[in-house]
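In what follows, a structure is listed as structure tokens, so that the remarks can point back to it.
Hydrogens, waters and symmetry mates are skipped; everything else that's a heavy atom, side chains included, is used. Not measured: the values here are computed from a predicted model. Count residues from 1 along the sequence.
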Amino acid sequence: MEPVTLTTGRLLLRTVGPDDTEAVYRAAQDPDMQRWISQFPSPYLREHAEGFTGRMVPDGWVCDSMYTFGLFLPGGELAGMLAITMRALGVGEVGFWAVREHRGRGYVTEATLAAARWAFTALCVDRLEWRAEVGNAASRAVAERAGFTVEGTLRSGVNNKGVRRDCWVGSLLPSDLGLPSTAPYLPARG
């Protein structure tokens, strides 16, 4: 798929490329991001940012496997990142981070809702999942503000730099945003 651009009231969500490498590299120096984001190497080197913006992001779009958006403010400054990774037919997983100086402003929640609507309508996703290592309260707060239902804790559910850790898991369905599903949904009856 060709990369798409989404807009919200305050953000431009667009793919990132080599011109964004420096901004990604600077943001990734944050020790909190290196601690909580299992895909982030620590230390995070310039070559990691180059591989992300130059290969991983464009390859994800081409292969329809991961749709990555930079969250940009009107002046062009990077405020965060969000990706939807396809996990199974009709199931995507959202991951996100915010640049330290832009946390607590609701940007990631706003972007998550825009990306979820896009995934439900353009990608035929019927379930969007979110996972975060237990203790990552900031990620959980974003997910809950975006309408995700936290469904539980997966024991040993994530590998963070070679260590198995428990993680929270939640989901957002099209109906949570007033959108139709592509497949019928029959909830369990107690």
Side-chain angles (χ1 to χ4, degrees), residues 1-61 66-85 92-123 125 128-133 135-148 160 168 170 172 176-177:
M1 167 183 283
E2 286 294 316
V4 300
T5 299
L6 307 174
T7 57
T8 70
R10 303 182 296 165
L11 299 168
L12 176 72
L13 281 64
R14 66 163 174 82
T15 190
V16 293
D19 290 346
D20 303 302
T21 300
E22 183 60 29
V24 169
Y25 172 73
R26 279 194 319 269
Q29 298 312 301
D30 178 358
D32 288 336
M33 286 177 28
Q34 291 182 27
R35 160 62 182 95
W36 291 112
I37 300 173
S38 60
Q39 298 86 356
F40 267 39
S42 184
Y44 192 94
L45 307 174
R46 186 168 308 282
E47 64 196 49
H48 297 127
E50 291 168 354
F52 178 72
T53 60
R55 287 182 306 280
M56 181 182 278
V57 170
D59 288 353
W61 282 96
M66 183 173 67
Y67 308 96
T68 303
F69 297 94
L71 286 53
F72 292 91
L73 300 174
E77 184 178 0
L78 180 68
M81 196 73 59
L82 179 147
I84 295 177
T85 304
E93 181 180 334
V94 67
F96 43 71
W97 52 261
V99 175
R100 179 180 290 279
E101 56 268 19
H102 296 298
R103 291 185 189 142
R105 298 182 182 161
Y107 293 137
V108 178
T109 301
E110 188 175 317
T112 299
L113 284 165
R117 286 186 186 94
W118 173 76
F120 292 145
T121 58
L123 299 178
V125 166
L128 192 57
E129 295 181 347
W130 156 86
R131 296 171 200 271
E133 185 178 320
N136 189 344
S139 181
R140 183 172 177 151
V142 168
E144 289 178 332
R145 282 193 302 269
F148 281 75
N160 191 339
W168 293 312
L172 187 70
D176 296 332
L177 301 181

*Quick one: pull up CG in Leu177 and CG in Leu172 and give me the separation to the nearest 0.5 Å.*
4.5 Å
_Those residues that, when tested against Thr68, pass side chain to side chain donor-acceptor pair (under 3.5 Å) (two or more places apart)_ = none
_Trp168 to Ala137 - nearest heavy-atom pair and separation_ = CZ3-N, 4.2 Å
*Steps toward side chain to side chain contact (heavy atoms under 4.5 Å, CB included) verdict (Leu73, Leu11)*: CA-CA 5 Å; Leu73 300 174; Leu11 299 168; 3.8 Å; yes
*Quick one: side-chain contact (heavy atoms from CB on, under 4.5 Å) partners of Gln39, sequence neighbours excluded?*
Ile37
*For Trp97 against Leu78, the heavy-atom pair lying closest together*: CH2-CD2, 4.1 Å
*Does Pro41 have any side-chain contact (heavy atoms from CB on, under 4.5 Å) partners at least two apart in sequence or in another chain, and if so, which?*
Tyr44, His48
*Over 12 non-hydrogen atoms of neighbours within 6.0 angstrom of CE in Met66*: yes
*Partner residues of Arg131 under the salt bridge (Lys or Arg N to Asp or Glu O under 4.0 Å) criterion, sequence neighbours left out*: Glu93, Glu129
_Audit row: Leu123, Met1, side chain to side chain contact (heavy atoms under 4.5 Å, CB included) steps and yes/no_ = CA-CA 10 Å; Leu123 299 178; Met1 167 183 283; 3.7 Å; yes
_side-chain contact (heavy atoms from CB on, under 4.5 Å) involving Asp20 - partner list, sequence neighbours excluded_ = Arg14, Val16, Phe72
*What pairs with Glu22 under salt bridge (Lys or Arg N to Asp or Glu O under 4.0 Å), at least two apart in sequence or on another chain?*
Arg26, Arg46
*Can you name the nearest heavy-atom pair linking Ser42 to Gln34, along with the distance?*
OG-OE1, 2.6 Å
*Can you measure from CD (Glu77) to CD (Glu101) and round to the nearest 0.5 angstrom?*
6.0 Å
*Roughly how far apart are Leu82 CG and Thr112 OG1, rounded to 0.5 Å?*
5.0 Å
*Of the non-hydrogen atoms in Asn136 and Ala132, which two are nearest, and what is the gap between them?*
CB-CB, 4.3 Å
*Apply salt bridge (Lys or Arg N to Asp or Glu O under 4.0 Å) to Glu110 and list each qualifying residue two or more places apart in sequence or on a separate chain.*
Arg10
*Where Gly17 and Thr53 come nearest, the two heavy atoms and their spacing*: O-CB, 3.3 Å
*Would you please name every residue forming a side-chain contact (heavy atoms from CB on, under 4.5 Å) with Ala143, sequence neighbours left out?*
Trp130, Phe148
*Under the side chain to side chain donor-acceptor pair (under 3.5 Å) test, which residues partner Glu144, sequence neighbours left out?*
Arg140
*Sequence neighbours excluded, which residues qualify as ring-ring contact (aromatic ring centres under 6.0 Å, His included) partners of His102?*
none
*Below 4.5 Å, heavy atoms only, C-beta onward: do Phe69 and Pro3 meet side chain to side chain?*
no
*List for me each residue that meets salt bridge (Lys or Arg N to Asp or Glu O under 4.0 Å) alongside Arg35, sequence neighbours excluded, and say none if there are none.*
Glu133
*So which heavy atom on Val99 is nearest to which on Gly80, and how close?*
CG2-N, 3.9 Å
*Side-chain heavy atoms of Asp32 within contact of Arg103, under 4.5 Å*: yes
*Side chain of Glu50, backbone of Pro18: donor and acceptor closer than 3.5 Å?*
no
*asked:* Applying ring-ring contact (aromatic ring centres under 6.0 Å, His included), can you list everything that pairs with Tyr67, at least two apart in sequence or on another chain?
replied: Trp61, Trp118
*Roughly how far, to the nearest 0.5 Å, is the OH atom of Tyr25 from the OG1 atom of Thr21?*
12.0 Å
*CG of Leu13 to CG of Leu71: how many Å apart, nearest 0.5 Å?*
4.5 Å
